[in-house]
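Below is one structure; the comments refer to it alone.
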Amino acid sequence: MTRQITAIYPGTFDPITNGHTDLVGRAATLFDRVIVAIAANPTKAPVFSLDDRVKLARTALQGHANVDVGAIGNLLVEFAQQKNAKVILRGLRAVADFEFEFQLAGMNRNLAPGIETLFLMPAEHYTYLSSSLIREVSKLGGKVSDFVHPAVEAALRERVK
Ligand code: ADP
């Protein structure tokens with residue numbers, strides 16, 4: 001029996017950046033299936049609606065045959081179990097990410113011991129990239145085309161209007 005390994009890549013993706021896409025590209029070569037799971041995350045008060053975040057991620061990630069994008073409304077580990085996923089994938093950019101990721105991975109392991117959290121690092125030029133910085137730069141009229149898909153750039157421009 002061949003074993004299919006599914007990895008869930010959860011986050012707010014407000015909006016998806018090339019850093020996220022870089023990570024998905026790496027994961028797509030390692031796992032049979034990658035599910036980008038976009039959390040509603042109302043506590044972060046996202047700028048883009050859940051629906052828009054899903055649509056933008058789908059556009060940015062088209063071309064990867066084994067990657068799906070979906071919205072997630074329940075507990076992450078429950079979603080992972082429903083999808084029969086063995087891996088939760090997260091990105092590590094700098095030491096600053098570690099503290100929070102360490103807590104999250106510990107909590108998720110406690111909730112679902114059979115699921116492993118794995119970390120990937122993006123290409124170096126994306127290590128300083130975050131969705132919040134992109135929103136800020138775009139709001140102030142800066143150029144973000146090196147860091148996001150053209151559809152995301154257009155959506156950001158539309159927001160400012
Ligand atoms: P969250 O609100 O869950 O942190 P994000 O959308 O900000 O959601 O990030 C989702 C995941 O992607 C996190 O693990 C984060 O560290 C990672 N990530 C964010 N930006 C980048 C980037 N530029 N390169 C690699 N990983 C990233």
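Since the model is a prediction, treat every value here as computed from it, not as a measurement. Read the numbers this way: they start at 1 and go in the same order the structure lists the ligands and their atoms.
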Considering residues, nucleotides and ligands other than F119, do more than 12 of their heavy atoms fall under 6.0 Å from its CZ? yes
Would you call K44-D14 a salt bridge at under 4.0 Å N-O? no
Do the side chains of R109 and E116 get close enough for a salt bridge, i.e. N-O under 4.0 angstrom? yes
[X] side chain to [Y] main-chain N or O, any donor-acceptor pair under 3.5 Å?
{"X": "R90", "Y": "P10", "answer": "yes"}
{"X": "R53", "Y": "F48", "answer": "yes"}
{"X": "N41", "Y": "P46", "answer": "no"}
{"X": "D68", "Y": "I35", "answer": "no"}

Per-atom contacts of ligand 1 with F13, taking only distances under 4.0 Å to non-hydrogen atoms: 6 (O)
Run the numbers for me: atoms of ligand 1, each under 4.0 Å from some heavy atom of G19, listed by number. 22 (C), 23 (N), 24 (N), 25 (C)
Return the residue, atom name and 0.1 Å-rounded distance of the protein heavy atom closest to [atom].
{"atom": "atom 24 (N) of ligand 1", "result": "P122 CG, 3.2 Å"}
{"atom": "atom 12 (O) of ligand 1", "result": "Y9 OH, 2.7 Å"}
{"atom": "atom 8 (O) of ligand 1", "result": "T12 N, 3.0 Å"}

Output yes when the distance from some N or O of ligand 1 to some N or O of [X] is under 3.5 Å, and no in every other case.
{"X": "Y126", "value": "yes"}
{"X": "R93", "value": "yes"}
{"X": "L129", "value": "yes"}
{"X": "P10", "value": "no"}

Note: K44, heavy atoms under 4.0 Å from ligand 1, region reported as side chain
Nearest-0.5 Å distance that lies between atom CG in N66 and atom CZ in F31: 11.0 Å
S131, A37, G11, G91: member with heavy atom nearest to atom 26 (N) of ligand 1: G91
Nearest option to atom 4 (O) of ligand 1, as decided by whichever heavy atom of H20, M121, R53, R90 sits closest: R90
Please list, one pair per line, the donor and acceptor atoms closer than 3.5 Å that link side chains of residues 15-25 to other protein atoms, with sequence neighbours excluded.
from	atom 1	to	atom 2	distance (Å)
T17	OG1	G19	N	3.1
T17	OG1	H20	N	3.4
T17	OG1	H20	ND1	3.4
N18	ND2	D146	O	3.2
N18	ND2	F147	O	3.4
H20	ND1	T17	N	3.0
T21	OG1	T17	O	3.1
D22	OD1	R26	NE	2.6
D22	OD1	R26	NH2	3.4
D22	OD1	A123	N	3.3
D22	OD2	R26	NH2	3.2

So, 4.0 Å and heavy atoms of F119: is ligand 1 close enough to count as a contact? no
